[in-house]
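Accompanying notes for the structure given below.
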Protein chains: 2
Amino acid sequence: MRYSTSHKEETRQRLLQSSREIAKRGGFDSTGVDALMASVGLTGGAFYGHFPSKQALFQALIEEEMAHSTELLAGEAGQDEDHVEKCLRQYLSHAHAQHPESGCALPALGAEIARAGSEVRSVVEQALKRTQKSWAGRTGDEDLAWALLAQCVGALVLARAVEGERTRKQILGSSRHFLAQALAAGKTARED
Amino acid sequence: MRYSTSHKEETRQRLLQSSREIAKRGGFDSTGVDALMASVGLTGGAFYGHFPSKQALFQALIEEEMAHSTELLAGEAGQDEDHVEKCLRQYLSHAHAQHPESGCALPALGAEIARAGSEVRSVVEQALKRTQKSWAGRTGDEDLAWALLAQCVGALVLARAVEGERTRKQILGSSRHFLAQALAAGKTARED
DNA sequence: GTCTATATCTAGATAGAC
DNA sequence: GTCTATCTAGATATAGAC
């Protein structure tokens with residue numbers, strides 16, 4: 001064997017990592033297999049030693065993306081509402097809007113996910129539900145938990161769709177401010 | 001002249017209309033010029049009699065989309081907060097989630113807009129700001145206006161990205177409920 | 001495992017006939 | 001205006017050498 005036993009897995013991981021970034025920056029459909037392989041120093045033909053098709057890569061990629069985001073957002077048991085507030089601040093940051101390649105997959109690939117097969121969408125659904133349940137437990141409000149998620153994704157989509165830097169910051173700031181108020185209102189209501 | 005003077009303009013309008021629907025359903029990049037032309041009964045070569053490039057069509061298409069959405073959402077002078085509530089109900093409806101081809105361009109094409117040139121993004125920005133200003137005037141809250149827009153777009157992205165019908169309805173319902181509360185709270189605050 | 005070469009298809013765009 | 005034919009480039013995927 002000319003390659004170590006771990007080499008294939010390592011290559012697969014590098015390809016997956018690199019593909020995640022490229023897809024979130026430039027879209028998945030619009031990036032060719034050759035370009036994805038070139039990003040890890042290989043040629044297009046080698047791709048099919050790792051994935052049976054480009055769609056299979058998309059599925060694996062979304063699974064990793066959602067697992068990673070869920071880990072960050074849902075957090076660990078025992079954390080309270082402060083964790084949610086911290087997530088919101090980071091998600092709705094200017095840095096996140098400007099760096100889709102290292103950010104959440106949903107604002108960048110949401111539309112492509114919507115067009116994907118039911119397996120991909122099921123993965124996304126389960127991941128979202130886990131974060132929603134976690135946030136619902138911490139805020140005491142099921143609806144609020146979904147609304148926070150939607151607000152995050154929508155604000156990022158809008159922030160990235162506008163041209164002006166000022167408007168981008170306004171959108172993100174308004175969302176942060178609005179959600180902070182909503183969380184504070186919920187907290188007050190529960191303390192009564 | 002073998003064609004009436006209005007024929008070219010009519011064809012352009014049919015092409016634009018058809019392209020808007022196809023792009024919102026299947027994505028713009030991933031649909032070929034041939035397919036777009038076939039949808040209005042023509043062949044690919046005829047496209048370039050109407051637009052100099054595929055990107056030029058995207059720009060025209062987004063301009064029409066944003067003008068249309070802004071007309072619906074910003075509404076007319078003299079309307080009050082009820083108009084905003086009506087918009088939210090319609091935007092966050094199950095029908096909207098299930099029919100991207102006749103819905104808002106932002107949840108469907110937001111990521112492609114983000115990757116487009118500055119001209120496209122400027123058009124989007126101006127349109128969004130017009131709706132935001134309109135809603136800010138009616139609700140008396142600049143931040144709330146942006147937050148409502150972001151919530152709408154995000155909820156549609158999430159609703160379309162999940163597999164299960166129940167979860168889809170939950171996301172939309174939670175957003176509607178949450179925003180209704182936020183509007184009511186703002187109203188109360190202003191009446192004090 | 002990864003290469004090169006290739007098969008097959010489709011893309012965006014142009015040229016010239018009508 | 002729209003057609004057909006074509007150019008060039010890129011896509012996904014496969015085959016066989018190494």
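Letters go in sequence order (proteins before strands), and every chain restarts at 1. No experiment lies behind these values; they were computed from the predicted model shown.
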Original post:
Please, which pairs that meet side-chain hydrogen bond (donor to acceptor under 3.5 Å, both in side chains) have at least one residue in residues 27-56 of chain B, sequence neighbours excluded?
Top reply: B:S18-B:S39
**OP:** Spell out, as yes or no, whether a donor-acceptor pair under 3.5 Å connects the side chain of A:R20 to the backbone of A:L61.
**Re:** no
Every protein N/O lying under 3.5 Å from an N/O of nucleotides 13-16 of chain D:
unit_1: D:dA13; atom_1: OP2; unit_2: A:Y48; atom_2: OH; d: 3.0
unit_1: D:dA13; atom_1: OP2; unit_2: A:K54; atom_2: N; d: 3.0

Original post:
In residues 6-29 of chain B, which ones come under 4.0 Å of DNA chain D, going by heavy atoms?
Top reply: B:H7, B:K8, B:T11
Original post:
More than 12 foreign heavy atoms under 6.0 Å from CD of B:Q98: is that the case here?
Top reply: yes
**OP:** From the options B:R12, B:H7, B:Q13, select the one residue that forms a side chain to side chain donor-acceptor pair (under 3.5 Å) with B:E9.
**Re:** B:Q13
Original post:
When A:D143 is tested against each of B:Q170, B:Q181, B:H177 for side chain to side chain donor-acceptor pair (under 3.5 Å), which residue passes?
Top reply: B:H177
Original post:
So, B:R168 and B:E163, do they make that salt bridge, N to O below 4.0 Å?
Top reply: no
Subject >> Sub-4.5 Å side-chain heavy-atom contact between A:L148 and A:Q151 >> reply: no
Write down the protein N/O and nucleotide N/O pairs, taken from nucleotides 6-10 of chain D, whose separation is under 3.5 Å; answer none if there are no such pairs.
none

Original post:
Salt bridge between A:R190 and A:E81, side-chain N to carboxylate O under 4.0 Å?
Top reply: yes
**OP:** Check the angle between the aromatic planes of B:F178 and A:F178 and answer parallel, tilted or perpendicular using the 30° and 60° thresholds.
**Re:** perpendicular
Subject >> Contact residues, residues 113-121 of chain A to DNA chain D [heavy atom, < 4.0 Å] >> reply: none
**OP:** Figure out the CZ/P separation between A:F58 and D:dT12, and round it to whole Å.
**Re:** 14 Å
**OP:** Name the nucleic acid region contacted by A:T31, choosing base, sugar-phosphate or nothing; use a 4.0 angstrom heavy-atom cut-off, strictly under.
**Re:** sugar-phosphate
Original post:
Has the side chain of B:R160 got a donor or acceptor atom that lies under 3.5 Å from a matching backbone atom of A:A114?
Top reply: no
Subject >> Nucleotide D:dG1, atom C1' - distance to CZ of B:F51 in whole Å >> reply: 14 Å
**OP:** Report yes if at least one side-chain N or O of B:T43 is closer than 4.0 Å to OP1 or OP2 of D:dT2; otherwise report no.
**Re:** no
**OP:** Taking the side chain as every heavy atom from C-beta outward, state whether A:W146 and B:L172 have any atom pair closer than 4.5 Å.
**Re:** no
Subject >> A:H99: ring-ring contact (aromatic ring centres under 6.0 Å, His included) partners, not counting sequence neighbours >> reply: none
Subject >> Salt-bridge criterion met for B:E85 and B:R176 (N-O under 4.0 Å) >> reply: no
